[in-house]
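All values derive from a computational prediction rather than experimental measurement. When a ligand or atom number is given, it counts from 1 through the structure's own listing order.
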Amino acid sequence: MSYVDEIIEAVVAKNPSEPEFHQAVKEVLESLRPVVDANEEKFRREALLERLVEPERQLKFRVPWVDDKGQAHVNTGYRVQFNSAIGPYKGGLRLHPSVNLGIIKFLGFEQIFKNSLTGLPIGGGKGGSDFDPKGKSDREIMAFCQSFMTELYRHIGENTDVPAGDIGTGAREIGYLYGQYKRLTGRYEGVLTGKGLSYGGSLARTEATGYGLLYLTKEMLKMNGIDIAGKTAAVSGSGNVAIYAIEKAQQLGVKVLTCSDSNGWVYDPEGIDVAALKEIKEVKRARLTEYKNYRPNSEYHEGRGVWSVKVDLGLPCATQNELLLEDAKQLVENGCIAVAEGANMPTTLEATEYLQQHGILFAPGKAANAGGVATSALEMSQNSERLSWTFEEVDAKLQGIMVNICHNMADAAERYGYAKNYVVGANIAGFEKVVNAMLAQGIC
Ligand code: NDP
Ligand code: 2IT
């Protein structure tokens, strides 16, 4: 059996109840075959792949908190410190009832390669909790965040592990987490990113993931002789990534026809109204059913359906495994030309394969959504030098990083004989730097 197959089998056997982690490991290791085959003896001797798929450290802890009625609750907190070969652990905190260890591990594993692709010195980590922020008061959110940080603070630091936002964790949560870290340690340091602008946050971090997604999509199309202006797009999700993806898409002349939340989706033939979406989601924290009040010509549908709309570009920006094989078939049938993942692993393995086989340009999340964590690393730089850069400076750096990632993934794919297979290209390009650092640092 090949080394790659052995490791995939061992990961499944050792972590039987973690399907998302299996999926992420399979996707990456399958892509790495050409590199692993060329170095098999050395990698086996150094147990390189065994070390790559085993987190350096996994923390799991109790998070007790009290609601507004005086009732106590207990959630489970996680932080998986996956790989520190190229820098301190870096990655977001997800707050969603579906969170479990396998989901945090899949996200942490992806983060290793994504962070490497940014070209910045950040290792891979991820954390979160099965806490559901929906419907909670600000005081309840604060109680949860303070309790979560009361355990987490001892494991993180500006040079150790730097968490940030993800699903359910935005500026409000980062603020409460930061306040508690400061209280417990007495240290005012860049231990979290996505901070508010008044206490060390970076301009353009809020926009970075969505904007970065469009910068990469634009470049990928350009490399293939296609102009992004005048195209139509379907976006899923209506959170941080989706909102700023829609905003940048419109600035680039793309008409975005859809967005969604976990209850339903919106079709707006005139193009999504970003100001309305921001008010509904960022200010009111309400549901998408409200969108019709702002745009009477739009349609709201219960359930899923974003991928049934005829568009040129598919931009999944909600969550894992939200673009299925049947959706891929529909996109192809409707003449879609490119899919770029704003979310982490939103496309199933079968759907990805189908899209690629049918000539769709496919940018995997670890490349396409790397603008968020890249800008987090820029926030860390600004904190270290105790300076703040202008929006234009950060945005220009972000654009440069996304264009670089796009060319690096394309070049790596071509070098190994997989031209235009950006999944293979991104995985290999991300892996190369990490593996060099791991080999140089000995067995650790
Ligand atoms: P938000 O919490 O701001 O928004 C998440 C959106 O996805 C909401 O519209 C939410 O709907 C929807 N959603 C979440 N879970 C589900 C689910 N199980 N089924 C259907 N819809 C769901 O998160 P972000 O925008 O920050 O994150 C979106 C994706 O992007 C995630 O995969 C995240 O890991 C990834 N990402 C985020 C980055 C960032 O900087 N924030 C960086 C890189 C990747 P509802 O409100 O109904 O739950
Ligand atoms: O998935 C991701 O890259 C993020 N949620 C952002 C992580 C970060 O550290 O900014």
Side-chain angles (χ1 to χ4, degrees), residues 20 87-99 103-104 106-115 117-118 120 122-128 132-135 156 161-174 190-195 201-202 204-213 235-246 259-266 277-278 280-282 285-289 303-304 306 315-323 341-347 364-380 398:
E20 293 86 0
Y89 310 107
K90 183 84 197 83
L93 297 171
R94 178 174 292 192
L95 301 182
H96 193 273
S98 64
V99 163
I103 288 183
I104 299 300
F106 118 63
L107 290 162
F109 188 69
E110 286 284 293
Q111 203 81 43
I112 302 169
F113 308 98
K114 181 195 308 193
N115 293 2
L117 280 171
T118 66
L120 301 167
I122 39 180
K126 199 84 184 190
D132 186 359
K134 276 202 196 85
I156 61 175
D161 183 354
V162 183
D166 193 77
I167 290 178
T169 306
R172 174 181 59 172
E173 292 72 22
I174 294 293
V191 68
L192 293 162
T193 58
K195 298 185 294 296
S202 173
R205 175 62 188 90
T206 305
E207 295 84 353
T209 312
Y211 277 23
L213 172 67
V235 167
S236 64
S238 51
N240 173 264
V241 179
I243 289 172
Y244 293 94
I246 297 170
C259 63
S260 65
D261 61 22
S262 52
N263 297 112
W265 60 287
V266 162
L277 196 61
K278 284 185 185 173
I280 296 167
K281 289 295 175 183
E282 295 183 339
R285 297 181 187 276
R287 309 306 297 163
L288 273 182
T289 39
R304 17 189 349 271
V306 160
L315 303 172
C317 297
T319 192
Q320 66 273 3
N321 294 329
E322 49 151 325
L323 198 163
E341 297 185 319
N344 285 307
M345 211 169 74
T347 316
K366 62 173 72 66
N369 71 40
V373 75
T375 307
S376 278
L378 300 179
E379 183 173 328
M380 290 165 72
L398 170 63

Asker: Verify whether one side chain among Arg94 and Thr169 offers a donor that lies under 3.5 Å from an acceptor in the other.
Answerer: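 Absent: no donor and acceptor within the cut-off.
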Asker: Can you tell me if Arg94 has a non-hydrogen atom under 4.0 Å from ligand 2?
Answerer: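 For ligand 2, residue contact (heavy atoms, under 4.0 Å) with Arg94 is absent.
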Asker: Examine ligand 1 and decide if any of its atoms is less than 4.0 Å from a heavy atom belonging to Ser98.
Answerer: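 Contact check Ser98 vs ligand 1: negative.
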Asker: For Arg205, is the nearest heavy atom under 4.0 Å from an atom of ligand 2?
Answerer: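 Yes.
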Asker: Who's closest to atom 13 (N) of ligand 1 heavy-atom-wise, of Ala374, Ala368, Ala318?
Answerer: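 Answer by nearest heavy atom: Ala318.
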Asker: I need the contact type for Lys126 against ligand 2. Using non-hydrogen atoms and a strict under-4.0 Å cut-off, is it side chain, backbone, both or neither?
Answerer: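 The side chain, only.
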Asker: Counting heavy atoms only, which of Val373, Asn344, Thr375 is nearest atom 36 (N) of ligand 1?
Answerer: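 Going through Val373, Asn344, Thr375 one by one, Asn344 has the nearest heavy atom to atom 36 (N) of ligand 1.
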Asker: Could you check which of Asn369, Thr169, Asp166, Thr375 puts a non-hydrogen atom nearest to atom 5 (N) of ligand 2?
Answerer: Asp166
Asker: Among all the protein's heavy atoms, is there at least one whose distance to atom 10 (C) of ligand 1 comes out below 4.0 Å?
Answerer: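 Within 4.0 Å of atom 10 (C) of ligand 1, no protein heavy atoms are found.
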Asker: Would one find an N or O of Asn369, backbone or side chain, under 3.5 Å from an N or O of ligand 1?
Answerer: no
Asker: Tell me which protein heavy atom sits closest to atom 16 (C) of ligand 1, plus the residue, atom name and distance to 0.1 Å.
Answerer: Thr319 CG2, 3.6 Å
Asker: At under 4.0 Å between heavy atoms, which part of Asn344 makes contact with ligand 2: side chain, backbone, both or neither?
Answerer: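 For Asn344, only side-chain atoms sit under 4.0 Å from ligand 2.
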Asker: Any idea which protein heavy atom is nearest atom 48 (O) of ligand 1, and the distance to it?
Answerer: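 The closest one turns out to be Lys134 NZ, 2.8 Å.
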Asker: So which bit of Ser260 gets within less than 4.0 Å of ligand 1, heavy atoms only: side chain, backbone, both or neither?
Answerer: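 It is the backbone that gets close, since no side chain atom is under 4.0 Å.
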Asker: With respect to atom 20 (C) of ligand 1, which of Ala245, Pro97, Ser262 exhibits the smallest heavy-atom separation?
Answerer: Ser262
Asker: As an exercise, identify every atom of ligand 2 less than 4.0 angstrom from a heavy atom of Ala164.
Answerer: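 Answer, ordered by atom number: 8 (C), 9 (O), 10 (O).
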Asker: Look at atom 27 (O) of ligand 1 and find which of Ile167, Thr209, Thr193 reaches it with the closest heavy atom.
Answerer: Ile167
Asker: Using a heavy-atom cut-off of under 4.0 Å, does the side chain or the backbone of Glu207 touch ligand 1, or both, or neither?
Answerer: neither
Asker: Would you mind checking which non-hydrogen protein atom is closest to atom 4 (O) of ligand 1, with the distance to 0.1 Å?
Answerer: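 Among all protein heavy atoms, the one nearest atom 4 (O) of ligand 1 is Gly239 CA, 3.2 Å.
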Asker: What are the atoms of ligand 2, with element, lying closer than 4.0 Å to any heavy atom of Gly92?
Answerer: 7 (C)
Asker: So which bit of Glu322 gets within less than 4.0 Å of ligand 1, heavy atoms only: side chain, backbone, both or neither?
Answerer: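 Neither part.
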Asker: Backbone, side chain, both or neither: what part of Asp261 comes under 4.0 angstrom of ligand 1, heavy atoms only?
Answerer: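 The part of Asp261 near ligand 1 is both the backbone and the side chain.
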Asker: Nearest protein heavy atom to atom 2 (O) of ligand 1, by residue and atom, and its distance?
Answerer: Gly168 N, 2.9 Å
Asker: Return the closest protein heavy atom for atom 15 (N) of ligand 1 as residue, atom name and distance.
Answerer: His96 NE2, 3.5 Å
Asker: What protein heavy atom sits nearest atom 24 (P) of ligand 1, and how far off is it?
Answerer: Val241 CG2, 3.9 Å
